[in-house]
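Single-structure report; data block below.
Labels below follow one simple rule: chain letters A, B, ... track the order of the sequence lines, proteins then strands, and each chain is numbered from 1.
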Amino acid sequence: MICMIEMKGVYKTYPNGVTALNGIDVHIDQGEFVYVVGPSGAGKSTFTKLMFREEKATKGTVNVNNFNLTTIKEKKVPFLRRNVGVVYQDFRLLPRLTVYENVAFALEVIEESPNQIRRRVMDVLDQVRLKNKARFIPDELSGGEQQRVSIARAIVNRPRLLIADEPTGNLDPDTSWEIMHILEEINAKGTTVLMATHSQEIVNTIRKRVIAIEDGQIVRDEARGEYGYEI
Amino acid sequence: MKFKTLGRHAREGTKSVWRNGWMTISAVGAVTTTLLLVGVFLALMLNLNEIAGNIEDDVEVKVLVELTADEQQVSELENNLGDLPAVGELTYSSKEEELDELVDSLGDQGKAFELFEQSNPLNDAFIIKPDNPVDAVQIAEEAEAMDQVDEVDFGEEIVQRLFQFNEYARYIGLGLIVGLVFTAIFLISNTIKITIIARKKEIGIMKLVGATNAFIRWPFFVEGLILGVLGSIIPIAAVMSGYYYLYYNLQDRIQFDFIQLLPFNPFAFQLAGLILVIGAFIGVWGSVMSVRKFLKV
Ligand SMILES: Nc1ncnc2c1ncn2[C@@H]1O[C@H](COP(=O)(O)OP(=O)(O)OP(=O)(O)O)[C@@H](O)[C@H]1O
Ligand SMILES: [Mg+2]
């Protein structure tokens, strides 16, 4: 098995003194599909943010897709991020760009040809059912629609690793399932998927590895786990 | 970077100019104000410089030889003058030549002096051009002390006034430069501050999607270039038409012939080019500086 993510003795303390991660050791192979569950404030988002260097670990080592994030040079970070698609809990769309442009941006940074860009962007927009809103700007979309744009952007360049922080948080059940199918499909094509979620239904229905985090520590790690929390 | 990507950056930069709306207008306004001042100042400085240069070129020391001096003594004097270190060019002008020149310079009135041709009352003279006009005074003093020298003439007043004037011009120029630089910095950094909040987040997102710093910087570069060029339109028009008016209307009324304005063509066009370049520079500089702080995400 080829290693995709490895963390050893990782601690994260934010500048304001909050310790979000408290000694994390984890190993995730290429091609895995992993749920990250746990109560609000447990450190799930922080855990994912370490993997594309949005945050730096205070202590410990983080390896992702053969990049050592503890020693990586600032100049190399963009190249790490190009292999990691991220769906953010708060979307992070470029407010002045249209839906189409937001998704295309991920391909523009890797200097894809305009023809390729057009084709792939239209493809993913179709996948997330947003083709008819391609010319809208994020402010003109509902929360669920913005989330789907964020997903489209994350998957458009077929990353090796897809990190999704509550990708179904704002979606109705039907759309949620569609998104899950997209994620499964991508996973089937070889992309490692890491998904933080509060959805008991999804975790218990599409059974995958489950990592549970509480108070910044991994308290459970099961190959075909369950959600395990009462709602 | 691929060539196509450059096209993308140009497109994005242009779009951004439109999208920024009133921000664009205020940035262009800042550049316009600065360039108007720079343009006027440049026109002034370059002309002053030219005038000063003209006068300095004209500085010469005339050493009049005693009427009684014989040939031997004249050539001795010539050697002595030639040995002075500050002397650039040394030419001998006989009294006949001196008279011719006097007659020429007086035009019609000069005809009267032709009578003197038989009994020329003028001295033979040496005309010295100093290497550096500032040394004229020193040369004059040293020449005055030599034998067989009747009189030394170097237009003392003009030279003295010129050097004083030149010094003032430089102080004024320096003051203006400092003032302009501060104005420009203030205006531009103020405008940039306004855009910072909106852009900080955008730049952060771009970086998270995998954009390199250069990729992010390029459209800003283009945007700054456009802002700078837009900002130079009014100053170029103003300075050129202003200079046109000055050159063609005022020039005739200025009596001193050493005050020659630089000719409209090509000077006004060179000035326009210079304003354009400075405008582009200010725009690019301001824009790229504004991004720099936010690239560390
Ligand atoms: N940028 C930050 N600065 C300071 N503290 C932070 C920051 N981000 C998160 N925290 C703190 O770190 C802890 C973990 O936050 P995190 O966002 O990782 O939780 P989470 O498990 O994702 O929660 P949720 O399920 O609500 O998304 C919380 O106590 C939070 O207040
Ligand atoms: Mg979270």
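- Annotation: B:Ile234, atom CD1; neighbour count of heavy atoms from other residues, nucleotides and ligands within 6.0 Å does not exceed 12.
- In this structure, no portion of A:Ile110 lies under 4.5 Å from any heavy atom of chain B.
- Rounded to the nearest 0.5 Å, atoms NZ (A:Lys49) and CG (B:Leu208) are 9.5 Å apart.
- Note that CG of A:Leu97 is 7.0 Å distant from CD of B:Glu202, once rounded to the nearest 0.5 Å.
- In this structure, A:Arg92 contributes its side chain and B:Ile205 its backbone to no donor-acceptor pair below 3.5 Å.
- Annotation: A:Lys8, atom NZ; neighbour count of heavy atoms from other residues, nucleotides and ligands within 6.0 Å does not exceed 12.
- Within a 6.0 Å radius of OH in B:Tyr244, other residues, nucleotides and ligands contribute 12 heavy atoms or fewer.
- A:Pro78 pairs with exactly one of B:Asn213, B:Ile216, B:Thr212 by the side chain to side chain contact (heavy atoms under 4.5 Å, CB included) rule, that one being B:Thr212.
- A:Arg81 places a side-chain N or O within 3.5 Å of a backbone atom of B:Lys207 that can act as its donor or acceptor partner.
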**Study point:** Full working for side-chain contact (heavy atoms from CB on, under 4.5 Å) between A:Glu108 and B:Met206
**Key:** CA-CA 11 Å; A:Glu108 284 171 356; B:Met206 290 176 185; over 6 Å; no
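- Taking 4.5 Å as the limit, some side-chain heavy atom of B:Val209 sits within range of a side-chain heavy atom of A:Arg153.
- The local environment of NZ in A:Lys76 is sparse, with at most 12 non-hydrogen atoms from other residues, nucleotides or ligands closer than 6.0 Å.
- Among A:Asn83, A:Asn157, A:Val109, the residue making the largest number of heavy-atom pairs under 4.5 Å with chain B is A:Val109.
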